[in-house]
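A quick write-up on the structure given underneath.
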Amino acid sequence: MSKNLTKTVSRGLLGLAAALALSMGAHATPKIIKKVPPEFPAEAARQSISQGSVRAKMNIEPDGKVSGVEILEAEPRKVFDKAVTRALMDWKFEPSGQKETHEVKLVFKNED
């Protein structure tokens, strides 16, 4: 490979790396302006479940409202899902003018 071709390829790769960095940086984390904590389910307490966690993905509309929640992972399964979904549907984000998604992990601990 000639020196000129090597320089051209290197510059092209640097340009590609810079473009990727810019595109990744352009997708900033949505800013939360209203956060509603989920309630600890009474049924979980009755079953002597004192802790757990849920990882969920929210669909965020251009105006910042949450339009849907998808449970990605839960431990224990199906115990905290409804409480998380109800709470996250009430969250509000700063309007971005475009549809976005945002993932969160919520941890439950019942101190009673």
Side-chain angles (χ1 to χ4, degrees):
M1 199 180 265
S2 74
K3 278 187 174 183
N4 287 340
L5 183 56
T6 302
K7 284 181 183 178
T8 303
V9 170
S10 295
R11 276 192 218 121
L13 290 175
L14 286 174
L16 178 61
L20 287 173
L22 285 174
S23 69
M24 285 188 245
H27 185 70
T29 302
K31 183 178 179 187
I32 301 167
I33 57 176
K34 179 185 174 193
K35 190 184 279 191
V36 177
E39 291 185 23
F40 195 94
E43 183 59 31
R46 281 194 290 278
Q47 294 177 22
S48 298
I49 298 170
S50 61
Q51 62 185 20
S53 64
V54 176
R55 192 168 61 88
K57 179 170 76 172
M58 293 174 274
N59 295 318
I60 305 164
E61 294 301 310
D63 65 0
K65 292 180 182 175
V66 176
S67 61
V69 175
E70 178 185 354
I71 303 299
L72 302 173
E73 196 176 281
E75 185 60 42
R77 294 190 65 211
K78 305 282 186 193
V79 173
F80 301 106
D81 297 19
K82 286 181 184 176
V84 166
T85 299
R86 275 194 299 271
L88 294 181
M89 287 299 293
D90 285 337
W91 283 31
K92 179 93 171 139
F93 292 83
E94 194 170 88
S96 68
Q98 60 189 16
K99 288 188 173 194
E100 298 180 273
T101 61
H102 183 62
E103 288 185 21
V104 294
K105 181 176 181 178
L106 301 173
V107 177
F108 289 83
K109 288 189 182 183
N110 189 0
E111 306 288 320
D112 297 341

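We use all heavy atoms of the structure for the numbers below, so side chains are in, but hydrogens, waters and symmetry mates are not.
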### Task
Could you tell me whether the side chain of Met58 reaches within less than 4.5 Å of the side chain of Phe93, counting heavy atoms only?
yes
### Query
For Gln47, which residues count as a side chain to side chain donor-acceptor pair (under 3.5 Å) partner, sequence neighbours excluded?
Glu43
Atom pairs and distances, donor-acceptor, side-chain atoms in residues 64-87, under 3.5 Å, two or more places apart:
unit_1	atom_1	unit_2	atom_2	d
Ser67	OG	Asn59	O	3.4
Ser67	OG	Glu61	OE2	2.7
Thr85	OG1	Asp81	O	3.0

### Task
Please indicate whether Glu39 has more than 12 foreign heavy atoms, meaning atoms of other residues, nucleotides or ligands, lying under 6.0 Å from its CD.
no
### Task
Write down the atom of His102, the atom of Thr29, and the distance for their closest heavy-atom approach.
CE1-CG2, 3.4 Å
### Task
Using a 4.5 Å cut-off on heavy atoms from C-beta on, say whether the side chain of Ser50 contacts that of Lys109.
no
### Task
Please report the closest heavy-atom contact between Trp91 and Val36, naming both atoms and the distance.
NE1-O, 2.8 Å
### Task
Provide the closest heavy-atom pair for Ser96 versus Glu100 in the form atom of the first, atom of the second, distance.
OG-OE1, 2.8 Å
### Summary
Ala45 and Phe40 have their tightest heavy-atom pair at N-CE2, 3.9 Å
#### Entry: Same apolar cluster (I L V M F W Y, side chains within < 4.5 Å links), Ile60/Ile32
yes
### Message
Testing the basics here: between Pro95 and Asp63, what is the closest heavy-atom pair and its distance to 0.1 Å?
### Response
CG-O, 3.3 Å
